[in-house]
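Structure first, commentary second.
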Amino acid sequence: MAGSEGSAAYAEGAPCWIDAQLPDVEAGKRFYGGLFGWTFEPFDPFNPFESFEGRQEAEGPYAPAGPYADAVRACLDGEPVAALVPKRDGRMPTVWTVYFATPDVRGMADRIRKGGGQVVTAPVRVGPYGVGALVADPEGAVFGLWQAGTHPGFSRHRDTGDTGDTGRTDGTSGADGTGGTGRPGTFGWVELYARDTATAEAFYPGLFHDALFGPGATREFGRAHISDVFPAEMPPHFLVHFGVRDCEALLGTVARLGGRVRVPPFETSYGRVAVVSDNQGASFALFERRDAA
């Protein structure tokens, strides 16, 4: 999951963190370390009775073990880019989840219910890191909400000098204060694959107005009809994209590490994309932005 100073770091509705729920975290480390050059570290231990604001407010149950027990933080050049999390329930999918920033996770969850969505996992406090929840839109596409505490989310996922399109309200996108998008090996985009795109167009702008239309906003997520890329019977879902230099060149590495190519490279309005899955079946996309060169 993603980070009270951190609540203001990202505009409400901006993608701020991703994690993968995996049956075998060690196998995940081997795959993603080999593919993206990630290194891994445990999350810091925390006092379950310590609020991220230093208060004992009832925003949700404390999680001394919580959803990130035994999880690892994935880093690139020493900065956090994602988390690999042990899957607790074998009935749940092996999947990447994107988290959208909000300063008020409970208020956002209420707005989602009123808009026809549902709360899948009620808001839970993760020590000092923040408060997270899993929700679904009216068609059932699942995504996360993150009210940040000490963990602000991505530290590095952009690598150009333009701070005007960061999606963060502090004018930065990482520890180095750079802007831009699509840094190789980090989050680059998320696409919602929907059955009814009109429903998505009515639902999300009301929730994520700041990220879509606020000052300096740059879209880091889009929507498409499922049948544009996948079989029509596939459920609506979000697909996390990782920036790469050469989409096609990495497909051999994916296969060598035990993954699979689900959809060969194709052109989109935002770049060249291939859909793959890791060595445990979690799907994601390799994303080569057109202006990457």
Side-chain angles (χ1 to χ4, degrees), residues 1-3 6-7 10-22 60 67-68 71 81-85 87 89 92-124 126 129-148 151-154 157 167 187-197 199-212 217 219-226 229-230 234-242 275 282-285 287:
M1 294 181 180
S7 294
Y10 285 89
E12 184 167 51
C16 65
W17 190 242
I18 49 175
D19 65 25
Q21 301 280 333
L22 301 175
Y68 268 29
V81 295
L84 305 184
V85 186
K87 191 165 70 170
D89 186 338
M92 300 301 289
T94 299
V95 66
W96 278 97
T97 300
V98 61
Y99 291 79
F100 295 97
T102 177
D104 179 4
V105 70
R106 286 185 172 275
M108 176 66 85
D110 287 342
R111 287 159 56 195
I112 286 168
R113 286 193 196 96
K114 291 174 182 175
Q118 59 182 309
V119 176
V120 177
T121 302
V124 60
V126 185
Y129 297 125
V131 179
L134 289 179
V135 295
D137 71 11
E139 286 203 306
V142 175
F143 58 97
L145 303 176
W146 186 251
Q147 179 182 336
H151 180 42
F154 308 119
H157 73 294
F187 172 86
W189 185 265
V190 65
E191 188 81 350
L192 168 65
Y193 285 96
R195 287 208 177 97
D196 183 350
T197 55
T199 296
E201 288 170 355
F203 181 74
Y204 287 99
L207 288 180
F208 298 157
H209 182 275
D210 289 352
L212 294 174
R219 290 283 293 271
E220 292 185 311
F221 65 95
R223 62 103 186 100
H225 197 278
I226 285 175
V229 176
F230 301 104
M234 179 173 283
H237 63 283
F238 282 91
L239 182 66
V240 171
H241 293 43
F242 292 101
V275 182
S283 291
F284 60 96
F287 168 41

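Keep in mind that the numbers below use all heavy atoms, side chains included, and drop hydrogens, waters and symmetry copies.
The two residues F242 and I18 have their closest heavy-atom pair at CE2-CD1, 3.4 Å. Among all heavy-atom pairs drawn from V98 and P15, the shortest one is CG2-CB, 4.0 Å. When every heavy atom of P123 is checked against every heavy atom of R106, the shortest pair comes out as CG-CG, 4.0 Å. The heavy-atom pair separating A101 from C16 by the smallest distance is N-SG, 3.7 Å. In terms of heavy atoms, K87 sits closest to P93 at CD-O, 3.5 Å. What you find for A211 and G13 is that their closest heavy atoms are CB-C, 3.4 Å.
Here the rule is side chain to side chain contact (heavy atoms under 4.5 Å, CB included) with Y99, and of F154, W17, F143 only W17 fits it.
The OG1 atom of T197 lies 4.5 Å from the CZ atom of R223; values are rounded to the nearest 0.5 Å. Between the CZ atom in F187 and the CZ atom in F284 there is a gap of 14.0 Å [rounded to 0.5 Å]. The distance from atom CZ of F208 to atom OG1 of T102, rounded to the nearest 0.5 Å, is 8.5 Å.
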Query - Pair L192-Y204, side chain to side chain contact (heavy atoms under 4.5 Å, CB included): steps then yes or no - result: CA-CA 11 Å; L192 168 65; Y204 287 99; 3.4 Å; yes
Query - Test side chain to side chain contact (heavy atoms under 4.5 Å, CB included) applied to V119 and V135, step by step - result: CA-CA 4 Å; V119 176; V135 295; 4.2 Å; yes
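A search for salt bridge (charged side-chain N to carboxylate O under 4.0 Å, His left out) contacts involving R195 returns nothing, not counting sequence neighbours. Residues meeting the ring pair (Phe, Tyr, Trp, His ring centres under 6.0 Å) test with F203, sequence neighbours left out: none.
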Solution key, residues 107-118 side-chain donor-acceptor pairs under 3.5 Å, sequence neighbours excluded:
| unit_1 | atom_1 | unit_2 | atom_2 | d |
| --- | --- | --- | --- | --- |
| D110 | OD1 | R113 | NH1 | 2.7 |
| R111 | NH2 | G206 | O | 3.3 |
| R111 | NH2 | L207 | O | 3.0 |

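Between the E12 side chain and the D210 main chain, no donor and acceptor come within less than 3.5 Å of each other. Formation of a donor-acceptor pair under 3.5 Å by the E139 side chain with backbone atoms of D196 is found in this model.
The aromatic ring centroids of F100 and F221 lie less than 6.0 Å from each other.
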